[in-house]
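Single-structure report; data block below.
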Amino acid sequence: QVQLVESGGGSVQTGGSLRLSCTASGQTNSLYGMGWFRQAPGQEREWVTTLIWSDGTSYYEDSVKGRFSISGDNAKTTVFLEMSSLKPEDTAKYYCAARIYSGGLWVEKEYAYWGQGTLVTVSS
């Protein structure tokens with residue numbers, strides 16, 4: 001089993017920046033990758049980004065490319081999400097997620113472990 005704990009959410013104005021962190025504990029050597037999803041009020045949860053531990057490759061949803069950056073620590077237990085040029089439409093609860101195999105990185109069901117989420121609010 002793996003446990004995920006997020007931190008770093010908050011409120012910013014349009015154009016601002018925030019950094020989210022997610023630390024995994026437990027059987028972390030089983031993890032293929034870690035990433036982030038988000039869920040805006042009244043909307044379905046959507047994939048944002050994933051970092052693959054084996055080669056450090058990262059993938060992004062189109063709307064965040066160039067604004068968001070995911071990175072990880074050498075221990076392969078913590079991922080960071082640097083968010084800049086934030087827009088009101090980035091307002092959502094951000095969930096850290098971890099997966100144990102390759103496949104559709106944007107597919108929610110393929111992530112075995114989830115954090116509780118951290119709220120990001122961007123005001124205009």
Side-chain angles (χ1 to χ4, degrees):
Q1 290 294 317
V2 173
Q3 295 77 42
L4 303 176
V5 177
E6 305 107 330
S7 63
S11 298
V12 294
Q13 292 188 328
T14 298
S17 300
L18 278 175
R19 187 193 200 208
L20 306 183
S21 300
C22 174
T23 297
S25 60
Q27 297 179 324
T28 58
N29 58 356
S30 67
L31 298 180
Y32 173 78
M34 292 174 63
W36 296 88
F37 284 71
R38 66 186 180 185
Q39 187 169 22
Q43 297 187 23
E44 295 186 350
R45 191 154 56 183
E46 65 173 0
W47 172 73
V48 176
T49 180
T50 298
L51 175 68
I52 306 302
W53 285 124
S54 60
D55 60 7
T57 305
S58 55
Y59 300 86
Y60 299 91
E61 191 270 330
D62 285 347
S63 70
V64 306
K65 285 180 180 177
R67 301 189 300 121
F68 290 13
S69 177
I70 189 171
S71 61
D73 68 347
N74 290 333
K76 299 182 179 181
T77 59
T78 299
V79 289
F80 306 96
L81 181 62
E82 300 278 358
M83 304 184 293
S84 62
S85 301
L86 283 163
K87 306 174 182 180
E89 50 263 44
D90 294 317
T91 294
K93 194 168 188 179
Y94 284 70
Y95 295 89
C96 180
R99 59 187 298 136
I100 58 175
Y101 56 86
S102 63
L105 299 181
W106 58 93
V107 179
E108 184 175 337
K109 293 181 179 180
E110 294 192 9
Y111 287 78
Y113 306 104
W114 292 85
Q116 294 299 308
T118 185
L119 189 60
V120 171
T121 303
V122 184
S123 58
S124 58

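Considering all non-hydrogen atoms of both residues, Val122 and Thr91 come closest at N-OG1, 2.8 Å. Closest approach of Ile70 and Trp36 over heavy atoms only: CD1-CD1, 3.9 Å. The minimum heavy-atom distance linking Thr77 with Met34 is given by the pair O-CE, 4.0 Å. The two residues Gln27 and Gln1 make their nearest non-hydrogen contact at OE1-N, 2.8 Å. In plain terms, the two heavy atoms of Thr14 and Ser124 that are nearest each other are OG1-CA, 3.3 Å.
Gln13 CD: 12 or fewer foreign heavy atoms inside a 6.0 Å radius. Within a 6.0 Å radius of CD in Glu82, more than 12 heavy atoms belonging to other residues, nucleotides or ligands are found. Counted within 6.0 Å of CD on Gln116, heavy atoms from surrounding residues, nucleotides or ligands total 12 or fewer; the atom is thus considered open.
Residues Trp114 and Phe37 meet the side-chain proximity criterion, which asks for heavy atoms closer than 4.5 Å. Put simply, the side chain of Ser58 does not reach to within 4.5 Å of the side chain of Ile52, judged on heavy atoms. In this structure the side chain of Val107 never reaches within 4.5 angstrom of the side chain of Leu105, judged on heavy atoms. A heavy-atom distance below 4.5 Å is found between the side chains of Val120 and Leu20. Residues Tyr60 and Ser69 form a side-chain contact, since some pair of their non-hydrogen atoms from C-beta on lies under 4.5 Å apart. Between Gln3 and Tyr113, the closest side-chain pair of non-hydrogen atoms is not below 4.5 Å.
Proximity of a side-chain donor or acceptor of Gln39 to a complementary backbone N or O of Gln43 within less than 3.5 Å is detected.
Ring geometry, Phe68 versus Tyr94: the interplanar angle falls from 30° to 60°, so the pair is classed tilted.
A distance of 9.0 Å separates CZ of Arg38 from CE of Met83, quoted to the nearest 0.5 Å. To the nearest 0.5 Å, atoms CG (Leu31) and CG (Leu51) are separated by 11.0 Å. We find the OG-CG distance between Ser21 and Leu81 to be 9.0 Å, quoted to the nearest 0.5 Å. Atoms CD and CD, on Glu46 and Glu44 in that order, are 10.0 Å from each other to the nearest 0.5 Å. To the nearest 0.5 Å, the span separating CD on Glu6 from SG on Cys96 amounts to 5.5 Å. Taken to the nearest 0.5 Å, the OG atom of Ser7 stands 8.5 Å off from the CZ atom of Phe80.
Follow the hydrophobic side-chain contacts under 4.5 Å out from Val2 and you reach Ile100 in the same cluster.
Not less than 6.0 angstrom separates the ring centroid of Tyr59 from the ring centroid of Trp47.
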For this session: Decide side chain to side chain contact (heavy atoms under 4.5 Å, CB included) for Thr49 and Trp106; before the verdict, give the C-alpha distance in whole Å, the side-chain angles of both, and the deciding distance to 0.1 Å.
Result: CA-CA 8 Å; Thr49 180; Trp106 58 93; over 6 Å; no
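Figure legend: Arg99 and Tyr32 shown without cation-pi pairing, the cationic atom not lying both under 6.0 angstrom from the six-membered ring centre and within 45 degrees of its axis.
Note on Lys87 versus Asp90: no salt bridge recorded, every NZ/NE/NH1/NH2 to OD/OE distance being 4.0 Å or above.
A donor-acceptor pair shorter than 3.5 Å cannot be found between the side chains of Thr118 and Tyr95. Using a 3.5 Å distance cut-off with no hydrogens or angles, the side chains of Thr78 and Thr23 do pair a donor with an acceptor.
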